[in-house]
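What follows is a set of notes on a single structure, which appears directly below.
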Amino acid sequence: MRILGIDPGYAIVGFGVLEADRGQARLVRCGAINTPAGVPMPQRLLQIQQDMETLIATFQPDAMAIEELFFNTNVTTGIGVAQARGVILAAAAKLGVEIFEYTPSQVKQAVVGYGKAEKHQVMDMTKRILKLPGVPKPDDAADAVAIALCHARSHTSRLYQP
């Protein structure tokens with residue numbers, strides 16, 4: 001199974017592509033979609049949509065795992081992220097990619113084994129599980145890889161029955 005993990009945002013969208021089979025996973029590629037500050041939101045959203053469609057066409061994922069929206073104290077930022085997330089979901093749906101959504105605590109539980117783990121613990125375990133020389137960069141890409149790994153560990157185990 002090829003999984004596209006997404007850490008949604010409107011300035012930076014992290015992505016990670018994993019190959020997963022029977023509890024084993026391998027990082028194929030990770031990176032970020034960056035939209036320039038100062039560009040009007042409609043143009044940023046269009047760029048995200050176009051870049052997502054290119055990612056999906058390039059890597060042909062069987063599934064997309066995306067983090068559910070988490071609102072902290074900054075509602076304005078949350079609204080922008082929600083708009084970007086909608087464009088990302090629409091691009092995946094348009095191209096027929098099955099979508100799975102995970103909360104931050106679900107990602108932490110799947111990767112570290114503890115739903116309240118610290119960010120550095122998630123990054124360290126992601127590196128160890130995938131046998132990487134270092135934590136993926138930028139942080140948004142590392143988060144996306146962890147989200148993809150969450151899906152891989154949930155849906156490619158030997159116990160999983162579709």
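Since the model is a prediction, treat every value here as computed from it, not as a measurement. If you read the sequence from its start, that first residue is 1, and numbering goes on from there. For the numbers below, each heavy atom of this structure counts, side chains included, while hydrogens, waters and symmetry mates do not.
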Using 0.5 Å steps for rounding, measure from the SG atom of Cys30 to the CG atom of Asp143. 11.0 Å
Report yes if some heavy atom in the side chain of Met1 is under 4.5 Å from a heavy atom in the side chain of Asp21; otherwise report no. no
Hey, quick one: are Leu46 and Val13 part of the same hydrophobic cluster, counting side-chain heavy atoms closer than 4.5 Å, chains of contacts allowed? no
Non-hydrogen atoms of Val81 and Pro8 that approach each other most closely: CG1-O, 3.9 Å
Given Arg44, Gln47, Gln49, the one that forms side-chain contact (heavy atoms from CB on, under 4.5 Å) with Val87: Gln49
Salt-bridge criterion met for Glu118 and Lys108 (N-O under 4.0 Å): no
Please lay out, stage by stage, how Asp51 and Leu55 fare under the test side-chain contact (heavy atoms from CB on, under 4.5 Å). CA-CA 6 Å; Asp51 289 353; Leu55 275 175; 5.8 Å; no
Between NE2 of His151 and CZ of Arg153, what distance do you get to the nearest 0.5 Å? 14.0 Å
Side chains of Thr103 and Glu67 in contact at under 4.5 Å (non-hydrogen atoms): no
Does the side chain of Leu132 come within less than 4.5 Å of Leu27's, by heavy atoms? yes
Are Val17 and Leu89 linked, directly or through intermediate hydrophobic residues, by side-chain heavy-atom contacts shorter than 4.5 Å (ILVMFWY only)? yes
Decide yes or no on side-chain contact (heavy atoms from CB on, under 4.5 Å) for Leu18 and Val28, but give the supporting numbers first. CA-CA 5 Å; Leu18 296 183; Val28 174; 5.9 Å; no
More than 12 foreign heavy atoms under 6.0 Å from NZ of Lys119: is that the case here? yes
Ile12 and Ala32: which non-hydrogen atoms are nearest, and at how many Å? CG2-CB, 3.7 Å
Are side-chain heavy atoms of Phe100 and Cys150 found at a separation under 4.5 Å? no
Spatial distance of atom CZ (Phe15) from atom CG (Asp140) [nearest 0.5 Å]: 11.5 Å
Working for salt bridge (charged side-chain N to carboxylate O under 4.0 Å, His left out), residues Arg85 and Glu101: CA-CA 11 Å; Arg85 194 172 177 282; Glu101 302 175 76; 2.3 Å; yes
Please report the interatomic distance CD1(Ile88) to CD(Gln83), rounded to the nearest 0.5 Å. 12.0 Å
Would you call Pro61 and Ile56 a side-chain contact if the rule is heavy atoms closer than 4.5 Å? yes
Which pair of non-hydrogen atoms, one from Ala146 and one from Met123, has the smallest distance, and what is that distance? CB-CE, 4.2 Å
Minimum side-chain heavy-atom gap Asp124-Val135 below 4.5 Å: no
Met52 side chain near Leu4 side chain, heavy-atom distance below 4.5 Å: yes
Is it the case that atom CZ in Arg2 sees more than 12 heavy atoms from other parts of the structure closer than 6.0 Å? yes
Would you say the side chain of Val107 lies within less than 4.5 Å of the side chain of Leu149, judging by non-hydrogen atoms? no
State the NZ-CD distance between Lys116 and Gln109, to the nearest 0.5 angstrom. 11.5 Å
Measure the CD1-CD1 distance between Ile147 and Ile3 for me, rounded to the nearest 0.5 Å. 12.0 Å
Nearest heavy-atom pair of Gly9 and Ile48: which atoms, and what distance? O-CD1, 3.7 Å
